[in-house]
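Structure first, commentary second.
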Protein chains: 2
Amino acid sequence: MPAKTSGSRSSAAVEDYLERILELINTKGYARVVDIATSLRISQASVTNMVQRLDAEGLLKYEKYRGLVLTIAGETLARNIARRHELLSEFLQLLGLDQRVIDHDVEGMEHHISPATLRAIEALTDQLRRRPALLARLQGAAS
Amino acid sequence: MPAKTSGSRSSAAVEDYLERILELINTKGYARVVDIATSLRISQASVTNMVQRLDAEGLLKYEKYRGLVLTIAGETLARNIARRHELLSEFLQLLGLDQRVIDHDVEGMEHHISPATLRAIEALTDQLRRRPALLARLQGAAS
DNA sequence: TCCCTGATTTAGGCATGGCTAAGTTAGTTA
DNA sequence: TAACTAACTTAGCCATGCCTAAATCAGGGA
């Protein structure tokens, strides 16, 4: 079986891991198993398992007991996932929703949004930002 | 353990079943195992399994080899799920997205949208409908 | 250097929600 | 009414991803 690189859809779990790993690397400079586990609120054992799988899929380089780094493919994917997360989050913020609701909904939705839909939401967000009157009207309706 | 009625979050799978069952009942007058299976593109055995579970959860009444009907709780829930699906679908249609993309994304997202977010999107949809100029600008960007 | 401890890994399970194969049921048809 | 067949159910299995408990590793201090 050839190494799976850009093909083969990533699962929601894989996307969550990559997103957190990139975030940890960006903020702390590295991503240890214990940090990933804490951040995702899952056990360290589960993280070890998934990290081995991500290594097998070529999304990161992993050395037992030592640590891990994202591959180019993994980092590119992680960046796209992070960007999607941010765009959705900004869109919902514009609608005046509570940040906890936003975090919950984005976490659930983000794995199911196709590129075309994301582009459309991005364009909509841009337009909404320029229409404060419209926004004011919307934010009255939110929780 | 008391019968679980309105409490306890439904899984995405449960929501998908209820949505299809209501749709079948509305269009054909009944929902047989074989119809549900075909509609959801899963095996009849899987449907039997889930239908028994939905019966145990009080969302429908099921008689072996005979058929099923939604309970009040099940129908209410199914209607809410269907409405959420429609609202999301209409919103994405307004953005000018391809119907196949819409179907795919809504199916994925719908189970993760909270009531507050749904209300906000509903309000946004209402406002967008009144602004053809804005819509025209958006639909240029979509695939 | 030896040991202690926190970090990590392995082993073995569990729940969800799919599947196929092998029966069972019941309505239709001859 | 007997049998055929489509619909349905049961039994047993699989993958994904999570878990806990029990090793194992590695770095720092005595």
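In the text below, chain A, chain B and the rest are named by the order of the sequence lines, each starting its count at 1. The shown structure was predicted, so the numbers you read here are calculated from the model rather than taken from an experiment. All values below come from the heavy atoms of this structure, side chains included, with hydrogens, waters and symmetry mates left out.
Here dC18(D) presents its C1' atom at 12 Å from CG of Leu40(A), a figure rounded to the nearest Å. Rounding to whole angstrom units, CZ of residue Arg41(A) and C1' of dG17(D) are separated by 18 Å. The CG-P distance, from Asp55(A) to dT8(C), rounds to 16 Å in whole Å. If you measure from atom CG of Asp35(B) to atom C1' of dC8(D), you get 12 Å, rounded to the nearest angstrom. In this structure, Leu54(B) atom CG and dT16(C) atom P are separated by 13 Å, rounded to whole Å. Atom-to-atom, CD of Glu15(B) to P of dT16(C) comes out at 16 Å; the value is rounded to the nearest Å. With rounding to whole Å, Arg32(A) atom CZ is found 12 Å from dT9(C) atom P. At whole-Å resolution of the value, CD in Glu57(A) and C1' in dA15(D) are 14 Å apart.
Closest to the Ser46(B) side chain, of the nucleotides dT10(D), dT24(D), dC19(C), is dC19(C). Here the side chain of Ile42(A) is nearest to one of dA7(C), dC18(D), dT10(D), namely dC18(D). For Ala13(B), taking side-chain heavy atoms from C-beta onward, the closest of the listed nucleotides dA26(C), dC18(D), dG18(C) is dG18(C). You'll find that the side chain of Asn49(A) is closest to dC18(D), out of dA7(C), dC18(D), dT16(C).
Residue Thr48(B) places at least one side-chain N or O closer than 4.0 Å to OP1 or OP2 of dT9(D). Taking side-chain N and O atoms only, Tyr17(B) has a distance below 4.0 Å to OP1 or OP2 of dG18(C). Distances shorter than 4.0 Å separate none of the side-chain N or O atoms of Gln44(A) from OP1 or OP2 on dG6(C). Remark: Ser43(A) is in phosphate contact with dC19(D), judged by side-chain N or O atoms under 4.0 Å from OP1 or OP2. Taking only side-chain nitrogens and oxygens, Lys64(B) never comes nearer than 4.0 Å to OP1 or OP2 of dA26(C). Between Arg66(B) and dG27(C), a side-chain N or O to OP1/OP2 separation shorter than 4.0 Å is present.
Distance check: Arg129(B) CZ to Leu94(B) CG gives 6.0 Å after rounding to the nearest 0.5 Å.
Toward the 5' end of DNA chain D, the nearer of the two residues Glu63(B) and Tyr65(A), judged by each one's closest nucleotide, is Glu63(B).
Counting heavy atoms from C-beta outward, Val33(B) and Tyr65(B) have side chains that stay 4.5 Å or more apart.
Checking each of Arg20(A), Arg84(A), His85(A) against Glu15(A) for a side-chain hydrogen bond (donor to acceptor under 3.5 Å, both in side chains) leaves exactly one that passes, namely Arg84(A).
Within 6.0 Å of CZ on Arg83(B) lie no more than 12 heavy atoms contributed by other residues, nucleotides or ligands.
Between His112(A) and His104(B), the distance separating the two ring centers is not shorter than 6.0 angstrom.
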